[in-house]
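Here is the naming used below: chain letters follow the sequence lines, and residue numbers restart at 1 for every chain. Side chains included, hydrogens not; waters and symmetry mates left out as well; all remaining heavy atoms used.
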Amino acid sequence: MPVDYKYLSELLFPNVTMTEKELEEKYPPRDLPEGAKVTRFAPSPTGFVHFGGLFPSVVGERLAHQSGGVFYLRIEDTDSRREVEGAASALVRTLSHYGISFDEGVTEDGESGNYGPYKQSARAFIYHVYAKRLVAEGRAYPVFSTDEELEEIKTADKKAELKSVNWETDASARREAMFARRNFTIEDVERELSAGHKFALFAIAEGDGTRKRKVNDLVRGDLELPENDEDVVLLKSDGIPTYHFAHVVDDHLMRTTHVIRGEEWLPSLPKHLQLFSYMGWKPPKYIHISQIMRLDADGSKKKLSKRDMGANLDDYSRLGYCPCAVIEYVMTLLNSNYEEWRVQNPDKDYTEFPFNVKKMSSSGCLFDMKKLDDVAKNVVSRMTAEEVYENFLEWAKTYDPDFAALLGDRDYALSVICIGRGGKKPRKDYGTWLELRSYMEPFYDETFKVEDEYPENIDRGDIKGALTAFLESYDHNDDAGAWFEKVKAICAPLGYCADMKEYRASPEAYKGSVADISMMIRVAVTGRMNSPDLYTVMHIIGEERSLARVRSMINKL
RNA sequence: GGCCCGUUGGUCAAGCGGCUAAGACACCGCCCUUUCACGGCGGUAACGCGAGUUCGAUUCUCGCACGGGUCACCA
């Protein structure tokens with residue numbers, strides 16, 4: 001006897017009171033200008049935002065805001081087992097730190113917008129309306145499980161199970177099981193229900209897996225994917241939907257026009273398309289982003305995972321990468337012509353760049369910390385001294401409070417930051433605040449230390465002689481030219497060459513050059529072999545402290 | 001294993017039937033230079049393999065190889 005689906009749907013969902021019509025009215029199509037895109041970032045709150053998570057969020061944000069559309073945040077918390085406490089609000093905070101802001105959706109302490117709730121766990125009543133309809137249409141059926149079976153599902157380590165699976169026999173076994181599940185009578189259902197058993201809801205797959213269907217991805221173009229021939233779980237036995245069902249219902253109701261997600265979803269796209277077709281809804285456009293990879297020790301590419309350096313966004317904060325530098329790097333990876341645009345528009349905000357989906361790469365890329373560093377240096381070199389100061393101070397307050405205290409003398413700090421800043425060829429000494437911290441150490445007595453030893457082959461007596469001579473002739477009022485003339489004057493008596501050209505012509509005739517003499521002074525004053533222009537440095541540090549360091553060095557030798 | 005996606009120098013990548021195959025990072029050399037940084041110039045280095053289509057393939061087609069993804073009441 002054929003199953004009465006209408007009756008079955010009442011049996012399964014007796015408490016559904018809302019109608020689809022009501023939902024359509026509650027969440028009407030958005031009133032937006034032609035071409036405006038509605039995108040979303042829809043993470044599951046299983047931890048903290050990961051570098052890879054920046055990609056879909058930046059793409060979504062750009063696409064929406066560039067087109068005058070809407071960008072919203074939806075939390076996909078349909079798996080309570082994996083949910084991490086506080087992850088959602090941490091997520092909002094992190095993204096906002098990176099300058100990614102949402103027009104609606106989950107916020108740090110609640111949510112805003114007319115298309116909510118934006119947490120899937122709070123949307124069960126919505127999903128059930130559509131689930132009920134699919135049952136009534138004979139397109140979905142329940143599968144009952146006893147508590148013991150559910151317990152088993154919960155504890156089974158699916159990953160480990162899959163590894164030891166025999167794919168050949170398993171595939172046919174699963175098909176058989178699938179057909180077996182589809183066979184049931186109303187009496188079975190009534191019996192299970194009265195026994196208090198929970199059910200999961202499956203959608204019947206009507207596709208033919210041997211037939212291909214052309215589907216479009218905005219980045220990859222036309223793809224040939226097999227039709228879906230696997231029954232998908234719509235609702236888990238706790239009544240909460242799986243990703244597949246939630247995606248279809250939510251993105252329809254929230255009127256998403258473009259779904260941006262990782263390429264790991266590509267294989268399940270036929271499932272989603274089938275569900276959209278069952279529901280009679282127009283599917284959104286899809287953009288599947290490739291994964292960010294890292295180089296494994298054995299030389300192979302691996303997905304950038306949480307534990308990898310550079311994966312956790314907290315690493316960037318700790319190291320003091322300006323969020324805008326990280327975004328800048330993401331942009332270079334996202335759109336191949338971004339760097340070119342940046343060269344032509346050094347002072348524009350990245351949001352002025354015409355982001356183009358067609359310029360996105362369809363092959364996964366390797367995370368390159370060196371490139372990030374280069375980008376960061378460029379970003380910092382383009383900032384004003386004030387911007388650098390403010391950002392650096394902010395960073396230091398949480399990561400190096402002692403140093404932050406030193407930065408209290410704003411003008412002094414600015415004078416250091418100003419070295420080589422601006423102009424056509426700005427210095428690029430540091431790309432991170434941690435690097436800047438190190439760069440600034442010589443400028444404060446509290447952090448000054450002699451880090452670089454004089455090379456072994458330099459005569460200690462010469463150093464002492466040079467430093468002493470330097471002190472004797474030093475006049476703080478000298479200009480840079482006069483100052484250097486005096487340094488040159490130290491050379492000859494010690495057997496060093498004051499003229500570099502001459503020295504290079506016959507190095508064997510001298511013990512060294514003015515470069516060596518300068519180095520001797522440099523190490524004494526800054527504690528390092530390398531520094532920006534020494535005259536400038538000494539005038540920032542001041543006469544008294546500079547000379548004190550030189551004297552102290554003489555005494556140590 | 002089935003299915004899907006991908007494959008241009010060490011890395012990110014332009015290219016969309018005819019090019020000495022861009023550019024950026026990294027690396028090396030030279031120049032500038034008192035060191036460093038900046039800047040300038042130059043260099044090493046690539047179309048995975050094999051068929052086919054074509055007058056001509058990095059570009060189109062098909063195999064293969066390799067890499068990645070996926071096959072849960074996870075997302």
Side-chain angles (χ1 to χ4, degrees), chain A residues 42-46 76-79 81-82 143 145 149-150 153-154 156 158-159 161-162 165-171 174 198-202 209 212 217 220 223-226 230 232-238 240-244 246-247 261-270 288 290-291 293 295 300-303 329 332-333 336-337 339-340 342-343 359 361-375 377 381 419-420 423-430 439 484 487-488 491 498 500 513-519 521-523 526 528-535:
Chain A
S44 58
T46 54
E76 313 228 312
D77 56 347
T78 54
D79 186 3
R81 282 177 295 158
R82 300 204 315 163
V143 172
S145 304
E149 285 167 331
L150 284 174
I153 290 168
K154 268 186 193 162
K158 207 65 196 175
K159 277 271 161 69
E161 207 176 282
L162 285 173
V165 99
N166 179 334
W167 293 110
E168 204 82 20
T169 57
D170 188 70
R174 268 185 309 153
K198 300 247 197 282
F199 67 89
L201 195 72
F202 283 67
K212 306 275 162 103
D217 176 280
R220 291 154 201 271
L223 265 27
E224 295 234 316
L225 264 30
E230 268 177 37
V232 271
V233 176
L234 262 22
L235 298 175
K236 295 176 276 186
S237 39
D238 58 4
I240 301 294
T242 55
Y243 171 87
H244 310 294
H247 151 55
R261 48 157 49 160
E263 66 178 344
E264 69 271 20
W265 290 110
L266 219 38
S268 47
L269 184 51
H288 289 93
S290 10
Q291 300 286 337
M293 315 297 276
L295 211 54
S300 67
K301 286 182 178 181
K302 290 275 147 42
K303 194 168 144 184
Y329 175 55
T332 67
L333 291 179
S336 50
N337 54 334
E339 283 187 89
E340 193 187 336
R342 172 53 78 201
V343 171
K359 286 287 182 183
S361 169
S362 56
S363 54
C365 64
L366 230 41
F367 177 76
D368 187 354
M369 200 79 174
K370 288 242 180 73
K371 180 74 181 181
L372 203 213
D373 284 333
D374 177 68
V375 169
K377 281 186 179 178
S381 80
I419 299 172
K424 202 96 177 80
K425 299 188 288 184
R427 293 182 66 94
K428 296 172 185 172
D429 293 293
Y430 41 85
Y439 176 84
F484 193 55
V487 174
K488 281 183 175 173
C491 296
M500 287 308 289
S513 72
V514 67
D516 298 301
I517 299 293
S518 297
M519 182 271 290
I521 304 166
R522 188 184 314 281
V523 170
T526 69
R528 301 178 182 189
M529 303 266 278
N530 304 324
S531 79
D533 176 64
L534 193 50
Y535 176 83

So, is [X] close to the [N] phosphate, meaning a side-chain N or O under 4.0 Å from OP1 or OP2?
{"X": "A:K236", "N": "B:A75", "result": "yes"}
{"X": "A:S361", "N": "B:A13", "result": "yes"}
{"X": "A:S336", "N": "B:A14", "result": "yes"}

So, A:Y243 and B:C74: ring centres less than 5.5 Å apart, planes less than 30° off, yes or no?
no
Where the side chain of A:E264 is defined as all heavy atoms beyond and including C-beta, which of B:A14, B:U70, B:C12 is the nearest nucleotide?
B:U70
What is the distance, to the nearest angstrom, from the [atom1] atom on [X] to the [atom2] atom on [N]?
{"X": "A:D374", "N": "B:A13", "atom1": "CG", "atom2": "P", "answer": "16 Å"}
{"X": "A:R261", "N": "B:U70", "atom1": "CZ", "atom2": "C1'", "answer": "13 Å"}
{"X": "A:L372", "N": "B:A24", "atom1": "CG", "atom2": "P", "answer": "19 Å"}
{"X": "A:R82", "N": "B:A72", "atom1": "CZ", "atom2": "P", "answer": "15 Å"}
{"X": "A:L333", "N": "B:A24", "atom1": "CG", "atom2": "P", "answer": "17 Å"}
{"X": "A:L235", "N": "B:A72", "atom1": "CG", "atom2": "C1'", "answer": "16 Å"}
{"X": "A:K359", "N": "B:G23", "atom1": "NZ", "atom2": "P", "answer": "16 Å"}
{"X": "A:D217", "N": "B:G69", "atom1": "CG", "atom2": "P", "answer": "18 Å"}

Rounded distance (nearest 0.5 Å) linking atom [atom1] of [X] with atom [atom2] of [Y]:
{"X": "A:R522", "Y": "A:R528", "atom1": "CZ", "atom2": "CZ", "answer": "12.0 Å"}
{"X": "A:L269", "Y": "A:L266", "atom1": "CG", "atom2": "CG", "answer": "6.0 Å"}
{"X": "A:M529", "Y": "A:S518", "atom1": "CE", "atom2": "OG", "answer": "12.5 Å"}
{"X": "A:F199", "Y": "A:K236", "atom1": "CZ", "atom2": "NZ", "answer": "14.5 Å"}

Gap in Å between the two [atom1] atoms, one belonging to [N] and one to [M], rounded:
{"N": "B:G40", "M": "B:C32", "atom1": "C1'", "answer": "8 Å"}
{"N": "B:A14", "M": "B:C55", "atom1": "C1'", "answer": "27 Å"}
{"N": "B:A24", "M": "B:U44", "atom1": "P", "answer": "15 Å"}
{"N": "B:G17", "M": "B:C12", "atom1": "P", "answer": "25 Å"}
{"N": "B:A57", "M": "B:C49", "atom1": "C1'", "answer": "15 Å"}
{"N": "B:C31", "M": "B:U20", "atom1": "C1'", "answer": "26 Å"}
{"N": "B:G2", "M": "B:C25", "atom1": "C1'", "answer": "40 Å"}
{"N": "B:G9", "M": "B:U59", "atom1": "P", "answer": "14 Å"}

Specify the residue among A:D77 and A:V514 whose closest nucleotide of RNA chain B lies further upstream toward the 5′ end.
A:V514
RNA chain B nearest-nucleotide lookup for A:S518 and A:D79: closer to the 5′ end is A:S518
Under 3.5 Å donor-acceptor, [X] side chain and [Y] backbone:
{"X": "A:N337", "Y": "A:E340", "result": "no"}
{"X": "A:S268", "Y": "A:W265", "result": "yes"}
{"X": "A:D170", "Y": "A:V165", "result": "no"}
{"X": "A:T242", "Y": "A:V233", "result": "yes"}

Does A:Q291 form a side-chain hydrogen bond (donor to acceptor under 3.5 Å, both in side chains) with A:E263? I'd like the steps, not just the answer.
CA-CA 7 Å; A:Q291 300 286 337; A:E263 66 178 344; 5.2 Å; no
How does RNA chain B read in dot-bracket, base by base from 5' to 3', with Watson-Crick or G-U pairs under 3.5 Å and | used when the partner is on another strand?
((((((((.[[[..)..(....]]].(((((.......)))))....[[[[[..)....]]]]])))))))....
More than 12 foreign heavy atoms under 6.0 Å from CD of A:E224: is that the case here?
yes
Looking at every strand, decide which applies to A:T78 at a 4.0 Å heavy-atom threshold: base, sugar-phosphate, or nothing.
sugar-phosphate
B/S/- contact track for nucleotides 35-48 of chain B, protein heavy atom under 4.0 Å:
BBBSS---------
Going through the checks in order, is the salt bridge (charged side-chain N to carboxylate O under 4.0 Å, His left out) test met by A:D79 and A:R82?
CA-CA 6 Å; A:D79 186 3; A:R82 300 204 315 163; 3.5 Å; yes
Can you label the angle between the A:Y439 ring and the A:Y430 ring as parallel, tilted or perpendicular, going by 30° and 60°?
tilted
Is there any protein nitrogen or oxygen under 3.5 Å from a nitrogen or oxygen in nucleotides 1-11 of chain B, and what are the pairs?
{"from": "B:C4", "atom 1": "OP1", "to": "A:K212", "atom 2": "NZ", "distance (Å)": "2.4"}
{"from": "B:C5", "atom 1": "O2'", "to": "A:R220", "atom 2": "NH1", "distance (Å)": "2.3"}

A:L534 and A:I521: side chain to side chain contact (heavy atoms under 4.5 Å, CB included), yes or no, with the steps?
CA-CA 9 Å; A:L534 193 50; A:I521 304 166; 3.8 Å; yes
Check whether the side chain of A:S237 and the base of B:C73 form a donor-acceptor pair under 3.5 Å.
yes
Determine, step by step, whether A:D368 and A:K370 satisfy the salt bridge (charged side-chain N to carboxylate O under 4.0 Å, His left out) criterion, reporting the C-alpha distance in whole Å, the side-chain angles of both residues, the deciding distance to 0.1 Å, and the verdict.
CA-CA 5 Å; A:D368 187 354; A:K370 288 242 180 73; over 6 Å; no
